[in-house]
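We use all heavy atoms of the structure for the numbers below, so side chains are in, but hydrogens, waters and symmetry mates are not.
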Amino acid sequence: FTPGEVQGALFCMEAKTGAVKSLVGGRDFSKSEFNRATQSHRQAGSAFKPFIYTAALDKEMTPSTVIDDSPVMYPDRSKPDGYWRPKNFDGKFSGPITLRRALILSRNVVTIKILERIGIDYAAAYAANMGITSPLEKNLTMALGSSGVTLQEMVRGFGVLANQGRKVTPFFIKKIVDRTGLVFEDNQPRVEQVIDPKIAFLANHIMQGVIQSGTGTRVKSIGRPAAGKTGTTNDMRDAWFIGFTPQLVTGVWIGFD
């Protein structure tokens, strides 16, 4: 590719209020006014997995639940031999592994098995409750982030885990006042408790492990408590990181239009 083809986006908001602190919709507004932080629907890849795992924690599993990371196959008429054989990113299988470790290491096969166990409709409804508004693929590929979502809704969903299970509505303008003091607009935080605070705590704690010993260890360099999740799609077409400190939730996306 030629320099200038790669695009990117960033969305950052306050975890407790939803006040948007920073927004980047692309590399050059003069060349493209399309806002990739709010308008672009991209496959989230592994960045979507926390929604599946949080749903599992709220149904029947715990961080120490053991799932077998072993080969599996599903009937799929679109494949040459009629079967879909999902693989992990490294092409290897780990055997029995805890739910906590599986998310930290972003194991694809385990996530698919978890989704199969808790139910596709349940997981889709759970993600929607946390703030995912885009329509989701109602099949097992949902576990691998096959659905197109916006960076804004991903950040809003992760914000639920940063904010003790409370979902906030992002807002861009706090207040508009004219020179006479007349208030034209005054946006107050809109907060809604959508999942159990204990479940949010567990998911938050596991995602801190992603930073400490998983796929997001580079974030340790900021020297602050942080949690998050990386995500890539097939052939590295999309690269994501959504993360949070106690104060801020931030998502970044890099890819090709």
Side-chain angles (χ1 to χ4, degrees), residues 3-48 50-51 130-134 145 148-164 166-177 184-192 194 200 203-204 207-208 210-211 215-233 237-257:
E5 279 187 355
V6 179
Q7 278 291 350
L10 179 146
F11 192 100
C12 174
M13 71 176 190
E14 286 184 350
K16 289 181 168 51
T17 67
V20 176
K21 307 300 283 184
S22 184
L23 177 77
V24 180
R27 63 184 300 145
D28 190 339
F29 186 76
S30 66
K31 292 180 180 175
S32 168
E33 297 181 13
F34 185 64
N35 189 331
R36 291 155 190 83
T38 61
Q39 295 177 291
S40 183
H41 289 76
R42 308 290 299 208
Q43 290 184 328
S46 292
F48 194 81
F51 298 109
M130 288 178 67
I132 299 297
T133 54
S134 297
V149 292
T150 68
L151 183 59
Q152 177 174 334
E153 61 191 304
M154 288 291 288
V155 168
R156 188 186 189 195
F158 273 56
V160 173
L161 305 179
N163 194 27
Q164 294 86 48
R166 294 188 288 267
K167 179 170 67 178
V168 297
T169 300
F171 62 95
F172 298 86
I173 295 171
K174 193 170 185 180
K175 202 171 192 178
I176 301 175
V177 185
F184 284 93
E185 190 169 340
D186 186 5
N187 285 311
Q188 298 299 320
R190 288 155 58 194
V191 185
E192 178 188 2
V194 291
N204 183 323
M207 289 165 65
Q208 290 177 48
V210 173
I211 308 300
T215 55
T217 51
R218 287 187 183 186
V219 181
K220 281 199 283 190
S221 63
I222 67 171
R224 304 191 50 150
K229 185 74 188 73
T230 55
T232 53
T233 59
R237 286 196 183 120
D238 304 89
W240 300 72
F241 179 74
I242 323 283
F244 50 87
T245 64
Q247 293 79 30
L248 298 173
V249 190
T250 304
V252 289
W253 166 85
I254 297 172
F256 300 93
D257 286 337

Testing the basics here: between [X] and [Y], what is the closest heavy-atom pair and its distance to 0.1 Å?
| X | Y | result |
| --- | --- | --- |
| Pro170 | Val20 | CB-CG2, 4.0 Å |
| Met207 | Pro50 | SD-CB, 3.8 Å |
| Met154 | Ala47 | CE-O, 3.4 Å |
| Thr17 | Ala19 | OG1-N, 3.1 Å |
| Leu23 | Ala37 | CD1-CB, 3.5 Å |
| Arg36 | Phe34 | NH1-O, 2.8 Å |

- Item | Counterpart residues, salt bridge (Lys or Arg N to Asp or Glu O under 4.0 Å), relative to Arg237 (two or more places apart) | Asp235

Taking atom [atom1] of [X] and atom [atom2] of [Y], what is their separation to the nearest 0.5 Å?
| X | Y | atom1 | atom2 | result |
| --- | --- | --- | --- | --- |
| Trp253 | Leu10 | CH2 | CG | 12.5 Å |
| Phe48 | Ile132 | CZ | CD1 | 5.5 Å |
| Phe158 | Met130 | CZ | CE | 8.0 Å |
| Gln39 | His41 | CD | NE2 | 9.5 Å |
| Asp186 | Ile173 | CG | CD1 | 12.0 Å |
| Leu151 | Arg156 | CG | CZ | 14.0 Å |

- Scan Thr250, Val252, Val155 and name whichever one has a side chain to side chain contact (heavy atoms under 4.5 Å, CB included) with Cys12. Thr250

- Message: Name the residue from Lys21, Glu14, Arg224, Lys16 that meets the side-chain hydrogen bond (donor to acceptor under 3.5 Å, both in side chains) definition with Gln247.
- Response: Arg224

- Could I get the full list of side-chain contact (heavy atoms from CB on, under 4.5 Å) partners for Ala203, not counting sequence neighbours? Thr54, Leu57, Leu161

- Are any side-chain N or O atoms of Trp240 and backbone N or O atoms of Gln43, one a donor and one an acceptor, separated by less than 3.5 Å? yes

- So, does Arg42 use its side chain to make a donor-acceptor pair with the main chain of Gly148 at under 3.5 Å? no

- Would you mind reporting whether Val219 and Phe241 have side-chain heavy atoms less than 4.5 Å apart? yes

- Given the rule in the side chain to side chain contact (heavy atoms under 4.5 Å, CB included) test, do Val6 and Phe256 qualify, once you have shown the distances and angles that lead to the verdict? CA-CA 5 Å; Val6 179; Phe256 300 93; 3.5 Å; yes

- Task: List the steps and the verdict of side chain to side chain contact (heavy atoms under 4.5 Å, CB included) for Val191 and Val168.
- Result: CA-CA 5 Å; Val191 185; Val168 297; 3.9 Å; yes

- Item | Full working for side chain to side chain contact (heavy atoms under 4.5 Å, CB included) between Phe244 and Asn204 | CA-CA 9 Å; Phe244 50 87; Asn204 183 323; 3.5 Å; yes

- Task: With sequence neighbours left out, write down each residue that passes side-chain hydrogen bond (donor to acceptor under 3.5 Å, both in side chains) with Thr230, or none if nothing qualifies.
- Result: Thr215

- List the steps and the verdict of side chain to side chain contact (heavy atoms under 4.5 Å, CB included) for Ile211 and Lys220. CA-CA 6 Å; Ile211 308 300; Lys220 281 199 283 190; 3.9 Å; yes

